[in-house]
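Naming: A, B, ... by sequence-line order, numbering from 1 per chain.
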2 protein chains.
Amino acid sequence: MANRCGGCAARLRGICNELAADQLALLSTLGRQRCLAAGETLIWEGEDAAVVANLLSGALKLTASTASGREQILGIAYPSDFVGPLYGRRSGYSVTALSDVEICLFTRRDFEGFARHHPALEHELLKRALTDLDRARRFMLLLGRKSAIERVASLILELSERLGTGGQLELPLGRQQMADVLGLTIETVSRQLTLLKSAGIIALPGRRALVINGRADLEALSEAA
Amino acid sequence: MANRCGGCAARLRGICNELAADQLALLSTLGRQRCLAAGETLIWEGEDAAVVANLLSGALKLTASTASGREQILGIAYPSDFVGPLYGRRSGYSVTALSDVEICLFTRRDFEGFARHHPALEHELLKRALTDLDRARRFMLLLGRKSAIERVASLILELSERLGTGGQLELPLGRQQMADVLGLTIETVSRQLTLLKSAGIIALPGRRALVINGRADLEALSEAA
DNA sequence: CGTATAGTTGAGTCTAGTCAAGGAATGTGG
DNA sequence: CCACATTCCTTGACTAGACTCAACTATACG
């Protein structure tokens, strides 16, 4: 079991990266790999979640809803990201698979016990929490103060950055999910994309494909008045 | 210098709570107390901040602005809260005093060096980062999906909770700042407060005073998920 | 090829923003 | 203590941007 993590896709970028071989072997006895189908929910909003996980492949969404059913996507997890409510807090959001995903699953109890005695791991978790917090706060500016066109332009740029595939994007989100990220409706997202396409700033060669032609224009739009 | 933190207002609730006496003595040689006048800015958005701080008294706001000058308050720091960009990140937001404040100031370099070798401190920082992240994400639901009246009702309830003074609130925020927290305009905030007052749900005995008469109504209006 | 799902477009409405004016509270100097 | 200025807050009239409802089109899939 010692080298069960050897071939793990997230090994080098994930939280386990900082662990020494013997510590990693111990952690690997606590976790187990699992798959989720697209749409399956791992953790429910408001529930006392018993598990945490490391994402190996695919993408997860973190969502919260109002009583009247309006949904807001609070964040998207990509491979090597860690999800789940550590240290005794109930989850304020649901975690749901956007695509088919593989995860490395731990019980919250086991993982917390392990982390508590491995400072290198907690240090890594802290860095990640701070990064996530930064990202969440930047998004608050978007949700509180940006217009529809600014939001859509910002999202395209952020996706481009996080997917790391340059100007050719394979969108991990459908239109409704883009709307749920941006705090807009599906119709508004569609209209703004059409505007950007008409202006020649982007191309939409397929339902889930997007090409950036005018990055400078997008950057200007993402911050304009 | 060993007991310089002995009389510190934030000692028991702050990050230093978990430190043993000798470690605390060491940390105290790195930090120094300072005061800020209301309106003074400690850290600027986009700047490579060299300092981090622990808030001892008063309140700080974390803000970001769009290119066109619209401001969004990303969070409010209360006594014993920790602020500042740890681990090599530029600050994505400004930190400004809402009232006169006292802080315990560290250079980022000193503090990071110390924390790196004191797991108990990093553990505490991690717990705080996770709490802040939760709060930021809950706020994203408000900013993305709630109506003006829902936002104002939610804010009143949250202030009531965090100030811990029951139904009698001494508001730490002016109307413009409430608007900047909620992603609204000052006029809209004023109108919603007037509506709540007319409905008898709240009273506004003074500019900075607010009394909750119908908490259940507020909760219904805030549509807590 | 037909159906189901996802996305686009259009018309009309409504909420919150904008612009403008007027009041109420706070502070200052005479 | 009062006139005055300043700042903060409220209210009103109008506008604009995003939402709603509805129809239509494109794409994926058996």
Side-chain angles (χ1 to χ4, degrees), chain A residues 37-39 61 66 68-72 98-100 142-156 169-199 202-210 221 224-225, chain B residues 37-39 66 68-72 98-100 142-156 169-199 202-210 221 223:
Chain A
K61 63 173 181 179
T66 65
S68 50
R70 288 163 287 172
E71 177 170 312
Q72 176 68 43
L98 281 173
S99 58
D100 292 349
L142 178 146
L143 292 172
R145 292 299 184 209
K146 290 193 180 179
S147 67
I149 189 70
E150 291 167 349
R151 293 183 198 206
V152 170
S154 300
L155 178 63
I156 294 171
L169 307 187
E170 167 81 17
L171 300 174
L173 305 167
R175 297 288 187 275
Q176 181 61 58
Q177 289 160 344
M178 293 175 72
D180 290 341
V181 168
L182 297 175
L184 298 171
T185 58
I186 186 174
E187 295 94 331
T188 299
V189 171
S190 185
R191 279 186 247 272
Q192 305 307 322
L193 286 172
T194 302
L195 279 176
L196 291 173
K197 190 175 70 171
S198 308
I202 61 169
L204 297 167
R207 195 172 269 195
R208 288 289 180 117
L210 188 153
L221 277 174
Chain B
T66 65
S68 50
R70 288 163 289 174
E71 177 170 312
Q72 176 68 42
L98 281 172
S99 59
D100 291 349
L142 178 144
L143 292 173
R145 293 298 184 211
K146 290 193 180 178
S147 68
I149 189 69
E150 289 168 348
R151 294 183 196 205
V152 171
S154 300
L155 178 64
I156 294 170
L169 308 187
E170 168 81 15
L171 300 175
L173 304 168
R175 296 288 186 275
Q176 180 61 60
Q177 289 159 343
M178 293 176 71
D180 290 340
V181 168
L182 298 175
L184 298 171
T185 59
I186 186 174
E187 295 95 330
T188 299
V189 170
S190 186
R191 279 186 248 270
Q192 305 307 321
L193 286 172
T194 302
L195 279 176
L196 290 173
K197 190 175 72 173
S198 309
I202 62 169
L204 296 166
R207 194 173 271 195
R208 289 286 181 121
L210 189 153
L221 278 173
E223 273 213 278

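Chain B approaches DNA chain C within less than 4.0 angstrom (heavy atoms of the protein), and the contacting nucleotides run 5' to 3' from C:dA16 to C:dA25.
Shown here for B:I186 and B:A179, the closest heavy-atom pair between the two residues is N-CB, 3.6 Å.
Two residues are said to be in side-chain contact when any heavy atoms from C-beta on lie closer than 4.5 Å; B:Q177 and B:L98 meet this criterion.
A:S154 and A:K146 share a donor-acceptor pair across their side chains, judged by distance under 3.5 Å alone.
Listed by chain and residue number, A:V152, A:I156, A:R175, A:M178, A:V189, A:I202, A:L204, A:L210 satisfy the side-chain contact (heavy atoms from CB on, under 4.5 Å) test with A:L193 (two or more places apart in sequence, or in another chain).
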If the sugar-phosphate is the primed atoms plus P, OP1 and OP2 and the base is the rest, what is the B/S/- string for nucleotides 9-20 of chain D, using protein heavy atoms under 4.0 Å?
SBBBB----SSB
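In summary, A:R145 and B:D180 engage in a salt bridge, as defined by a charged side-chain N under 4.0 Å from a carboxylate O.
Although no hydrogens or angles enter the test, the distance criterion places a donor-acceptor pair under 3.5 Å between the side chain of B:Q72 and the main chain of B:V181.
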Run the numbers on A:L182 and A:L143 for side chain to side chain contact (heavy atoms under 4.5 Å, CB included), then give the verdict.
CA-CA 7 Å; A:L182 297 175; A:L143 292 172; 5.6 Å; no
